[in-house]
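Letters A, B, ... mirror the listed sequences (proteins, then strands); counts begin at 1. Just so it is clear, the values below take in all heavy atoms, side chains as well, and ignore hydrogens, waters and symmetry mates.
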Protein chains: 2
Amino acid sequence: MAATRMLPHPDAHDVHLTDVLFALSDPARLDLVRLIAQDGPQTVAQCQGLEPGTPKSTLSHHLKTLREAGVVRNVPSGRQRTISLRRDDLDGRFPGLLDAVLGTAGDADLADSGRGQQS
Amino acid sequence: MAATRMLPHPDAHDVHLTDVLFALSDPARLDLVRLIAQDGPQTVAQCQGLEPGTPKSTLSHHLKTLREAGVVRNVPSGRQRTISLRRDDLDGRFPGLLDAVLGTAGDADLADSGRGQQS
DNA sequence: AGATTAGTTCCAAGAAAGTCGAACTGTGAT
DNA sequence: ATCACAGTTCGACTTTCTTGGAACTAATCT
C-alpha cells in the first residue's frame, strides 16, 4: 500500500460554496489561507510558524478541512508537502469571493473608517 | 418587562468576518439570505416558505445566527417582524463579499463552464 | 539497514451547533 | 378581556467540530 502519499482533492466543479465558507470561517484556517495567499505555497512546517504552539495533528486537521473544501492543494514534494491555494479553481467557481475575503486586513480591525452608527 | 421586542444587533464595526462566513456556511441560512437579497425584506412567515416543513423554532434559531453575525436585521413591525439584509454595513466592512456569495447561482450547479480538469 | 524527519491517521474527550417540541411574550382583532 | 397570531426563548437530545496525544507511513540521510 503506497498510498497515504497522494491525498484526495475535490474536483473544481465539485467544490461547494457552503463548504468553502465553512472552511474559511475558522480563525486559524483563515490565517493559514492568508499566509499562503501572501507568501505563496508553504510547507506544513512553515504553516506551523503562524501559531507556534499548535500540535501537528491539529494543524493537519485544519489543512484537511481546507483541502476537502477545495480551498487548498496538498502535494507531496520530497519528504515534505506543499500547501498551495487553489486560486484559479476558486476564482473560476466563485468569482470575487477569495479577493473579498483576503481583501480584509485582519478581521480584528480596519475599522476606524469613521461612523459608529447602530440600528 | 417589555423587552423581547427589540432584539440586539451588533454594531457595524463589530461584525467579524469569520462570524459572517460561518453564518453563511449553512445551506438553510444561505438560502434565507438569497431570498432576502432577491425579494427584499421578508417576514418570518415568508421565510418559512423556503422550506415549508421547518419548525418555527429552527427557523428562528437560524435567523438569530444571521442576526448575531450582523448579516441580517430583525425589526418588529406590527405583530410580525421584518427581516432585512444589512447590505450597506456588510459592503462597507467586507467590500465585494456579499456580491461574490450571492453571485453564485445555487451552489449545486452553474458548473458546465467547460473543463473537467483536475489536479 | 537503521535513524531522522515531515506529516498524516487514529482515537478519545470536551465544546459547540443543529433540531424541535413546549412554554412564553407581545400585538392586533372581536 | 379574551382570543388568535407571529415569533422568540427554553430545555433536552443528537450530531458535528475541535483538540491533542500516540501510533503510523513514507522519504531522506548516514
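Taking both residues in full, the closest heavy atoms of A:Thr54 and A:Gln48 are given as O-OE1, 3.0 Å, listed atom of the first, atom of the second, then distance.
A:His61 comes within 4.0 angstrom of a nucleotide base, judged by non-hydrogen atoms across all strands.
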Enumerate all atom pairs, one protein N or O and one N or O from nucleotides 3-7 of chain C, separated by less than 3.5 Å.
from	atom 1	to	atom 2	distance (Å)
C:dT4	O2	A:Arg79	NH1	3.3
C:dT5	O4'	A:Arg79	NH1	3.0
C:dT5	O2	A:Arg79	NH1	3.4
C:dA6	O4'	A:Arg79	O	3.2
C:dG7	OP1	A:Val44	N	3.1
C:dG7	OP2	A:Ala45	N	3.0

Atom pairs, N/O to N/O, protein against nucleotides 21-23 of chain D, distance under 3.5 Å?
from	atom 1	to	atom 2	distance (Å)
D:dG21	N7	A:Ser57	OG	3.2
D:dG21	O6	A:Ser57	OG	3.3

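Within the 4.5 Å cutoff, the side chain of A:Leu32 has no heavy atoms near those of the A:Ile83 side chain. With contacts defined as side-chain heavy-atom distances shorter than 4.5 Å, the pair A:Leu35/A:Gln42 qualifies.
Regarding B:Lys64, its NZ atom lies at a distance of 13 Å from the C1' atom of C:dA16, rounded to whole Å. In this entry the distance linking CG of A:Leu24 with C1' of D:dC17 reads 16 Å, nearest Å. Atom CG in B:Leu7 sits about 12 Å away from atom P in C:dG26, given to the nearest Å. As a whole-Å value, the separation of B:Leu66 CG from D:dT8 P is 12 Å. A:Leu59 places its CG atom 14 Å from the P atom of D:dT18, with the value rounded to the nearest Å. For A:Leu30 and D:dT18, the CG to P distance is 13 Å, given to the nearest whole Å. Separating the NE2 atom of A:His62 from the P atom of C:dT8 is a distance of 13 Å, rounded to the nearest angstrom.
B:His13 places no side-chain N or O within donor-acceptor distance of the main-chain N or O of B:Asp11, the cut-off being under 3.5 Å.
Under 4.0 angstrom from either OP1 or OP2 of C:dG18 there lies at least one side-chain N or O belonging to B:Arg29.
Along DNA chain D, the nucleotide nearest to A:Ser77 and the one nearest to A:Asp26 differ in position, and the one closer to the 5' end is contacted by A:Asp26.
The salt bridge (charged side-chain N to carboxylate O under 4.0 Å, His left out) check on B:Asp14 picks up nothing, with sequence neighbours excluded. In terms of the side-chain contact (heavy atoms from CB on, under 4.5 Å) criterion, residue partners of A:Asp99 (sequence neighbours excluded) are, by chain and number, A:Arg87. Under the side-chain contact (heavy atoms from CB on, under 4.5 Å) criterion, B:Asp88 pairs with no residue at all, not counting sequence neighbours.
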Give every donor-acceptor pair under 3.5 Å between a side-chain atom in residues 56-69 of chain A and any protein atom, sequence neighbours left out.
from	atom 1	to	atom 2	distance (Å)
A:His62	ND1	A:Arg29	NH1	3.3
A:Thr65	OG1	A:His61	O	3.1
A:Arg67	NH1	A:Pro8	O	2.7

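The distance from atom CG of A:Leu24 to atom OG of B:Ser25, rounded to the nearest 0.5 Å, is 10.0 Å.
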